Amino acid sequence: MNRTKAFALSAITASFMLAGCGGDINLTPTSIDNSTTTNGGGTTDTNNCASYEDAGATVRGEKIGADCVYPRSFSTPESPIVTDIRLVELPGGAHIFPNGLYIGENVQETASANREGPILTIDAGVTLAFEDGDSFVRISRGADIIAEGNRNAPITFTSVQEVENGVSNPNARGLWGGVVINGFGISNKCDQNDLANCVLQGEGGAGFYGGDDNADNSGILRYVLVKYAGYEVSLDNELNGITFYGVGSGTTLEYIQVHNNLDDGIEFFGGAANVKYAVLTGNDDDSLDWADGWQGNIQYIITKHADDRANRAIEGDGNSSNNAATPYSNPIIANFTSIGSLTATDGSDESEGVLLRQGTRGALYNFLITDARGECLELDNAATVANADAGTLTIANSAIACHENFADVPTQTWYENEATNVTLSEMATVLTSGYVTAADMTDASGAPVTVTPKTDLSSIDPFFDDVDFIGAVSEDNDWTNGWTVGLRD
């Protein structure tokens, strides 16, 4: 059946069901096992859509063909789901949420927020589809998302348009909202003497976040793709592909991709979330963004700009209103590849490499930056330059090969004062297969080039693997194979 018609039928079914229950639902449900069951009459119930109990009635998605289609009242920003719920794989089908999926109570008062909130479990191979920009996924503070895909069966968050008819425009973006995870992590926008009562509100209806726990655990994202998201709620108020608001280091984030987002790919607002293996492709604004005291780690991250529009591979910020606010943004990032576009431009913005500003600190290792239309490395704001001069902001064991390598002389001096860094021209050969670090790099003349990697990364933090290459992907181990999209186009 056409999925557009399925929405209408599901809405009609939901209206009758809710009328029978006496009107609006009050989401204080009991979780239900979604597996196939046998009812009292001996027949098999094949509806394995997610469900919960409300006032003695079962609220459930409707099985239409291979899909599970959920009524708009199933989950709303004002009436989120407050019990554990599970989405099972639907071979050939998708879980379709016209109104988004909102898990856990969006409580403003930090001290009263439920730290043992509901869990959204998503099985490997599941596709979740959303109707428009007003629908997105929100995981509230205290709630968890357990989304464990695998290389052969990743979990996909996408637009109804893709699952219904496919997306013919290779540069389509903003077809639905995105994924937002809120945590109890520390932000430098809060009173550091009263973090237990810290409360901040995210953009675009993203909910409340903040607290005193940088080790907070919001669950697991593993082998997860987020595609065609990033709706613009209002001017300069857009949803990222995945937004981590105050998310802590107890959260597991591995093998995640954001493809063709209208705003940033992934952004961290405070907290200390760590990521291993990330792919950010075709995003309209910044691929990786951080601000407000993010203290996390990332290893193995590749960004690739689209040919039509892009801004920066990295935009690393401190606190925009107070560059000296503590805790400072102070991530450690290793094995990063930035592949720009020589054509992408969007008004005053264009494909650029790495911008560090607003007093951020951090340590960058094994970076490979190439092919940008604009400058590939830039320091901005006096506080940032002061951090670079003081050694609290560093880059080492890295290579830049661009037409415009540096935004200015101070940036170049900072970079080239580190003896392990290498500066090359745009004609150098630093990649193979379009995104894999070349084992045998050459300069513009074809002469061999050696870039010595930082090999003992685990001595800096046990989170990191020890490696023998710069950039995100080596010729010996292409961890992007089998589950990513858009990287080889």
Side-chain angles (χ1 to χ4, degrees), residues 169-174 178 228-232 235-241 257-267 278-291 301-317 320 333 336-358 360 364 367-381 384-385 395 398-412 414-415 423-428 430-431 434-435 444 471-472 486-489:
N169 179 3
N171 296 317
R173 302 178 181 92
Y228 309 117
Y231 183 69
E232 185 175 21
L235 184 63
D236 297 325
N237 187 6
E238 297 166 328
L239 292 171
N240 304 306
Q257 179 176 13
V258 176
H259 178 64
N260 279 24
N261 199 74
L262 184 62
D263 195 38
D264 300 332
I266 58 177
E267 183 162 9
V279 177
L280 306 174
T281 49
N283 298 303
D284 187 9
D285 196 8
D286 309 310
S287 295
L288 168 64
D289 203 337
W290 70 75
I301 174 170
I302 183 168
T303 69
K304 182 181 178 183
H305 285 159
D307 59 2
D308 66 327
R309 47 198 282 188
N311 197 355
R312 301 181 180 102
I314 287 180
E315 186 174 273
D317 293 339
S320 59
I333 302 175
F336 173 87
T337 297
S338 169
I339 305 168
S341 168
L342 299 179
T343 59
T345 180
D346 181 17
S348 62
D349 294 333
E350 58 187 4
S351 172
E352 298 178 354
V354 176
L355 171 64
L356 305 169
R357 65 182 189 180
Q358 296 178 352
T360 188
L364 315 179
F367 269 48
L368 179 55
I369 309 171
T370 189
D371 286 347
R373 178 185 176 100
E375 60 266 18
C376 274
L377 185 61
E378 179 179 6
L379 301 177
D380 195 14
N381 303 114
T384 317
V385 175
I395 183 170
S398 297
I400 296 179
C402 299
H403 175 70
E404 183 182 357
N405 284 323
F406 307 104
D408 50 37
V409 172
T411 301
Q412 181 174 359
W414 169 67
Y415 175 85
T423 305
L424 300 168
S425 78
E426 61 184 322
M427 301 306 294
V430 295
L431 298 172
Y435 62 94
L487 187 57
R488 295 158 187 84
D489 296 345

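Atoms considered below: every heavy atom in the structure, side chains included; atoms not considered: hydrogens, waters and symmetry mates. Everything numeric in this text was worked out from a predicted model, so none of it was measured.
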Using side chain to side chain donor-acceptor pair (under 3.5 Å) as the criterion, list what pairs up with D264, not counting sequence neighbours.
-> none
Given side-chain contact (heavy atoms from CB on, under 4.5 Å), test F367 with I400 step by step and report yes or no.
-> CA-CA 8 Å; F367 269 48; I400 296 179; over 6 Å; no
Do the side chain of N260 and the main chain of A172 share a donor and acceptor less than 3.5 angstrom apart?
-> yes
Residue pair R373 / T345: nearest heavy atoms and the distance that separates them | NE-CB, 4.0 Å
Give a yes or no answer on whether the side chain of N283 reaches the backbone of N261 with a donor-acceptor pair at less than 3.5 Å.
-> yes
Passing candidate, side-chain hydrogen bond (donor to acceptor under 3.5 Å, both in side chains) with H305, options S338, S351, S341 | S351
Name all residues meeting the salt bridge (charged side-chain N to carboxylate O under 4.0 Å, His left out) criterion together with D346; count only those two or more places apart in sequence or in a different chain, and write none if there are none.
-> R309
With the side chain counted from C-beta on, respond yes when Y415 and N405 share a heavy-atom pair under 4.5 Å apart, and no when they do not.
-> no
For side-chain contact (heavy atoms from CB on, under 4.5 Å), just list the numbers for L364 and L356, CA-CA rounded to whole Å, side-chain angles, deciding distance to a tenth of an Å, and then say yes or no.
-> CA-CA 11 Å; L364 315 179; L356 305 169; 4.0 Å; yes
Does a side-chain heavy-atom distance below 4.5 Å link I339 with L431?
-> yes
Rounded to the nearest 0.5 Å, how far does CD of Q257 lie from CD1 of I302?
-> 10.0 Å
First locate atom CZ of R312, then atom CG of D285, and finally report the distance between them rounded to the nearest 0.5 Å.
-> 8.0 Å
For D349, the side chain to side chain donor-acceptor pair (under 3.5 Å) test, sequence neighbours excluded, returns none
Residues at least two apart in sequence or cross-chain that pass side chain to side chain donor-acceptor pair (under 3.5 Å) with E378, listed by chain then number, are none
Test R357 against every option in D380, D286, D317, D289 by the salt bridge (Lys or Arg N to Asp or Glu O under 4.0 Å) rule and name the one that passes.
-> D317
Report the distance from atom CG of L379 to atom OG1 of T411, rounding to the nearest 0.5 Å.
-> 4.0 Å
What pair of heavy atoms forms the shortest contact from R173 to A306, and how long is it?
-> NH2-CB, 3.4 Å
Check: T343 side chain, D307 main-chain N or O, donor-acceptor pair, under 3.5 Å | yes
Closest heavy-atom pair and its distance - A310, A344 = N-CB, 3.9 Å
How would you list, by chain and number, every residue that makes a side chain to side chain donor-acceptor pair (under 3.5 Å) with Q412, sequence neighbours excluded?
-> E416
Rounded to the nearest 0.5 Å, how far apart are CD of E352 and CD1 of I369?
-> 12.0 Å
Taking the side chain from T337 and the backbone from L368, do they hold a donor-acceptor pair closer than 3.5 Å?
-> no
Distance-minimising heavy-atom pair for K304 and L487 = NZ-O, 2.9 Å
What pair of heavy atoms forms the shortest contact from A313 to S287, and how long is it?
-> O-CB, 3.4 Å
Look only at the side chain of N381 and the backbone of Q358, and say whether a donor-acceptor pair between them is shorter than 3.5 Å.
-> yes
Using a 4.5 Å cut-off on heavy atoms from C-beta on, say whether the side chain of V354 contacts that of F336.
-> yes
Just wondering, do N240 and I266 contact through their side chains at under 4.5 Å, heavy atoms?
-> no
Please name all residues satisfying side-chain contact (heavy atoms from CB on, under 4.5 Å) with A401, sequence neighbours left out, ordered by chain then number.
-> T370, L424, A428, V430
Say you draw a straight line from CG of L342 to CD of E426; how long is it, rounded to the nearest 0.5 Å?
-> 7.0 Å
Side-chain heavy-atom pair T384, W414 within 4.5 angstrom cut-off | no
Tightest non-hydrogen contact, residues H259 and G486, listed as CE1-CA, 3.8 Å
Do side-chain atoms of Y435 reach the backbone of A472 as a donor and acceptor pair under 3.5 angstrom?
-> no
